[in-house]
Enquirer: 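Once you've had a glance at the structure underneath, I'll fire off some questions.
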Amino acid sequence: MGIDEEVKAHRKMMDDLKRATNFNSIELDTCIKIFEEVAKPDPVGTGKVLDRQGLIDGLTRLEQHGLAQVDWSQSPLVDAFFSTLDANKGGTIDMREFTVGIAMLTKGTLDDKIRFAFNCIDINNSGSLDRSELGDFLRCLIQAGPAVAGSSLVSTEQVQQMVTQAFAVMDVN
């Protein structure tokens, strides 16, 4: 591939990402720069990808640009984020998955953000939430710290009470 083809391919990729993310040039460049700094070569040779630690490092660096501050290395939510961002379920996150996922979280519509949160909670990908999934998610929020959960640590019984109350209000069928 000659230089002209590489330049054209890069411009096309950037245009595609700009359309898919609604990021302005600075936001897109920042997201890609962070991805490039923390990503590792893909074992199958198709570019760079993030593993779990790379995602933690990327999310931590994005905090400098306004992403909510969470101790990602200690957060059980990182596995849910990883699974949700790994759109093709390949076990790694490529630049497009990372960039589009971050854009959805930061610039997406309320429906996009709700869908992302739902997908993080719906661990078994059933399309619905059961009591166990909601309880696990609430526990993760609480373990992530009072600043994230808006609460102090609570007991298992208190989490079960919250789940029961939530299902009483939300479970219409």
Side-chain angles (χ1 to χ4, degrees), residues 13 16-17 20-23 27-28 30-145 147-151 154 156 159-160 162-163 166-167 170-171:
M13 178 191 68
D16 290 346
L17 282 175
T21 62
N22 291 322
F23 276 155
E27 293 165 331
L28 183 58
T30 299
C31 198
I32 290 172
K33 179 179 180 248
I34 289 171
F35 177 87
E36 290 291 334
E37 289 172 356
V38 299
K40 297 178 179 178
D42 186 355
V44 296
T46 60
K48 287 185 161 185
V49 294
L50 298 178
D51 56 13
R52 184 181 188 279
Q53 186 59 50
L55 177 61
I56 290 169
D57 294 345
L59 292 172
T60 301
R61 289 185 189 195
L62 282 169
E63 289 176 356
Q64 298 169 359
H65 302 278
L67 190 65
Q69 292 192 350
V70 174
D71 185 353
W72 292 103
S73 64
Q74 298 298 313
S75 175
L77 293 174
V78 77
D79 292 323
F81 269 65
F82 189 93
S83 177
T84 301
L85 290 175
D86 182 16
N88 68 1
K89 303 303 176 207
T92 58
I93 298 169
D94 63 28
M95 185 168 53
R96 179 173 177 76
E97 290 169 326
F98 179 74
T99 306
V100 170
I102 297 303
M104 183 175 31
L105 286 172
T106 59
K107 297 196 83 146
T109 65
L110 179 59
D111 285 345
D112 290 337
K113 293 173 184 178
I114 290 171
R115 189 174 307 109
F116 185 88
F118 182 90
N119 290 338
C120 284
I121 301 169
D122 184 20
I123 300 296
N124 64 8
N125 297 314
S126 66
S128 62
L129 302 181
D130 59 35
R131 291 175 185 271
S132 175
E133 290 170 327
L134 185 56
D136 289 345
F137 181 72
L138 290 173
R139 253 185 242 68
C140 284
L141 284 179
I142 292 165
Q143 290 171 357
V148 175
S151 173
V154 297
T156 300
V159 170
Q160 289 173 344
M162 288 187 277
V163 170
F167 269 81
M170 295 185 294
D171 189 15

Enquirer: Counting only N and O atoms by type, is there a donor-acceptor contact under 3.5 Å from the side chain of K48 to the main-chain atoms of M95?
Expert: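 Here the side-chain-to-backbone pair does not exist.
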Enquirer: Judged by atom type as modelled, is there a donor-acceptor pair below 3.5 Å linking the side chain of S83 to the main-chain atoms of D79?
Expert: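 Not confirmed, S83 side chain does not pair with D79 backbone.
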Enquirer: Mind checking whether N124 and D130 have side chains closer than 4.5 Å, heavy atoms only?
Expert: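 Yes, at least one pair of side-chain atoms sits under 4.5 Å.
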Enquirer: Donor-acceptor pair, D16 side chain versus M13 backbone, under 3.5 Å?
Expert: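 Here the side-chain-to-backbone pair does not exist.
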Enquirer: In a check of side chain to side chain contact (heavy atoms under 4.5 Å, CB included) between F23 and each of T99, L17, V100, which one passes?
Expert: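 For F23, the side chain to side chain contact (heavy atoms under 4.5 Å, CB included) check succeeds only for T99.
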Enquirer: To the nearest 0.5 Å, how far apart are CG in D57 and CD1 in I34?
Expert: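 Answer rounded to 0.5 Å: 11.0 Å.
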Enquirer: How far apart are the closest heavy atoms of I121 and E133, and which atoms are they?
Expert: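 I121 and E133 have their closest heavy atoms at O-CB, 3.5 Å.
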Enquirer: Return the CD1 to CZ distance between I56 and F82, rounded to the nearest 0.5 Å.
Expert: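 Those atoms lie 10.0 Å apart.
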Enquirer: Using 30° and 60° as the class boundaries, would you call the ring planes of F98 and F35 parallel, tilted or perpendicular?
Expert: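 Aromatic pair F98/F35 classed tilted.
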Enquirer: List for me each residue that meets side-chain hydrogen bond (donor to acceptor under 3.5 Å, both in side chains) alongside D122, sequence neighbours excluded, and say none if there are none.
Expert: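 With neighbours one apart ignored, the set is S126.
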Enquirer: Quick one: CD on Q53 to NZ on K40, what's the gap to the nearest 0.5 Å?
Expert: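 Q53 CD to K40 NZ: 7.5 Å, rounded to 0.5 Å.
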Enquirer: Between atom CG of L62 and atom OG1 of T106, what is the distance when rounded to the nearest 0.5 Å?
Expert: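 Interatomic distance, L62 CG to T106 OG1, rounded to 0.5 Å: 8.5 Å.
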Enquirer: Side-chain contact, heavy-atom cut-off 4.5 Å: T84 with F118?
Expert: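 With C-beta onward as the side chain, the pair stays apart.
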Enquirer: Only counting residues at least two apart or in another chain, list the ones meeting side chain to side chain contact (heavy atoms under 4.5 Å, CB included) with N22.
Expert: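 For N22 there are no side chain to side chain contact (heavy atoms under 4.5 Å, CB included) partners, ignoring immediate neighbours.
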Enquirer: Closest approach of C120 and A80, non-hydrogen atoms and distance?
Expert: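 Answer, listing the atom of C120 first, then A80: O-CB, 3.5 Å.
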Enquirer: Between atom CG of L129 and atom CD1 of I123, what is the distance when rounded to the nearest 0.5 Å?
Expert: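 Nearest 0.5 Å value for the CG-CD1 distance: 9.5 Å.
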Enquirer: Among pairs that include at least one residue of residues 86-108, which meet salt bridge (Lys or Arg N to Asp or Glu O under 4.0 Å), considering only residues two or more places apart or in two chains?
Expert: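 Applying salt bridge (Lys or Arg N to Asp or Glu O under 4.0 Å) to every pair that reaches into residues 86-108, excluding sequence neighbours, yields E27-K107.
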Enquirer: Assess whether atom NZ of K113 is packed by more than 12 heavy atoms of other residues, nucleotides or ligands within 6.0 Å.
Expert: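 Enclosed: over 12 neighbouring heavy atoms sit under 6.0 Å from NZ of K113.
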Enquirer: Quick check for you: to the nearest 0.5 Å, what is the distance between T30 atom OG1 and I102 atom CD1?
Expert: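 Going from the OG1 atom of T30 to the CD1 atom of I102 covers 12.5 Å.
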Enquirer: For V38 and G54, work out which heavy atoms get closest and say how close.
Expert: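 That closest heavy-atom pairing would be CG2-O, 3.6 Å.
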